[in-house]
Amino acid sequence: MNLMKGINYVTDDKNRKVAVQIDLKKHGDLWEDFYDNLIAELRKGEEKIPLEDVIRDLKKDGKLDESI
């Protein structure tokens, strides 16, 4: 039984849920939130770069206006 319209489970030959199909017209915002959280989780262990360093490097490379 599917309680949420636009959400479908893909099952294997033993009827175990292995994937989900999401109707993006109905649940696009939900998918974006899920995806953003997944990316944040994957990047949790990455080296952090201070914002000031990013701005400095972008200016140096001509990718950001010097007045900012």
Side-chain angles (χ1 to χ4, degrees):
M1 181 172 165
N2 190 352
L3 300 176
M4 275 186 88
K5 291 187 183 290
I7 305 290
N8 298 304
Y9 293 100
V10 178
T11 58
D12 64 12
D13 57 348
K14 295 184 180 176
N15 208 33
R16 294 178 295 210
K17 295 175 185 173
V18 295
V20 178
Q21 292 178 323
I22 301 171
D23 181 337
L24 294 177
K25 288 182 182 177
K26 290 183 184 229
H27 303 295
D29 291 341
L30 178 65
W31 167 249
E32 289 179 23
D33 290 343
F34 175 83
Y35 186 74
D36 288 346
N37 282 303
L38 180 61
I39 295 298
E41 184 67 25
L42 291 172
R43 292 180 176 170
K44 191 187 309 187
E46 289 184 4
E47 177 186 357
K48 311 282 189 281
I49 303 172
L51 179 59
E52 296 80 18
D53 292 352
V54 173
I55 291 172
R56 183 197 65 234
D57 292 345
L58 289 171
K59 286 180 179 179
K60 184 175 77 174
D61 293 343
K63 297 179 179 178
L64 187 65
D65 188 325
E66 286 290 330
S67 65
I68 296 177

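What's counted below: heavy atoms across the whole structure, side chains too, no hydrogens, waters or symmetry copies. Residues: numbered from 1 along the sequence shown.
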Side-chain donor-acceptor contacts of residues 39-48 below 3.5 Å, not counting sequence neighbours, with atom names and distances?
unit_1: Glu41; atom_1: OE1; unit_2: Lys44; atom_2: NZ; d: 3.3
unit_1: Glu41; atom_1: OE2; unit_2: Lys44; atom_2: NZ; d: 3.1
unit_1: Lys48; atom_1: NZ; unit_2: Lys44; atom_2: O; d: 3.1
unit_1: Lys48; atom_1: NZ; unit_2: Glu46; atom_2: O; d: 3.4

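- Of all heavy-atom pairs spanning Ile55 and Leu64, the tightest one is CG2-CD2, 3.8 Å.
- Sorted by first and then second residue, the salt bridge (charged side-chain N to carboxylate O under 4.0 Å, His left out) pairs with a member in residues 56-68 read Asp53-Arg56; sequence neighbours excluded.
- Linking ILVMFWY side-chain heavy atoms closer than 4.5 Å, directly or via other members, places Leu51 and Ile49 in a single hydrophobic cluster.
- Every pair passing salt bridge (charged side-chain N to carboxylate O under 4.0 Å, His left out) that includes a residue from residues 8-19 is listed here, sequence neighbours excluded: Asp12-Arg16.
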Donor-acceptor contacts, no H, no angles, side chain residues 20-36, under 3.5 Å, sequence neighbours left out:
unit_1: Asp23; atom_1: OD1; unit_2: Lys25; atom_2: N; d: 2.9
unit_1: Asp23; atom_1: OD1; unit_2: Lys26; atom_2: N; d: 3.4
unit_1: His27; atom_1: NE2; unit_2: Lys5; atom_2: O; d: 2.8

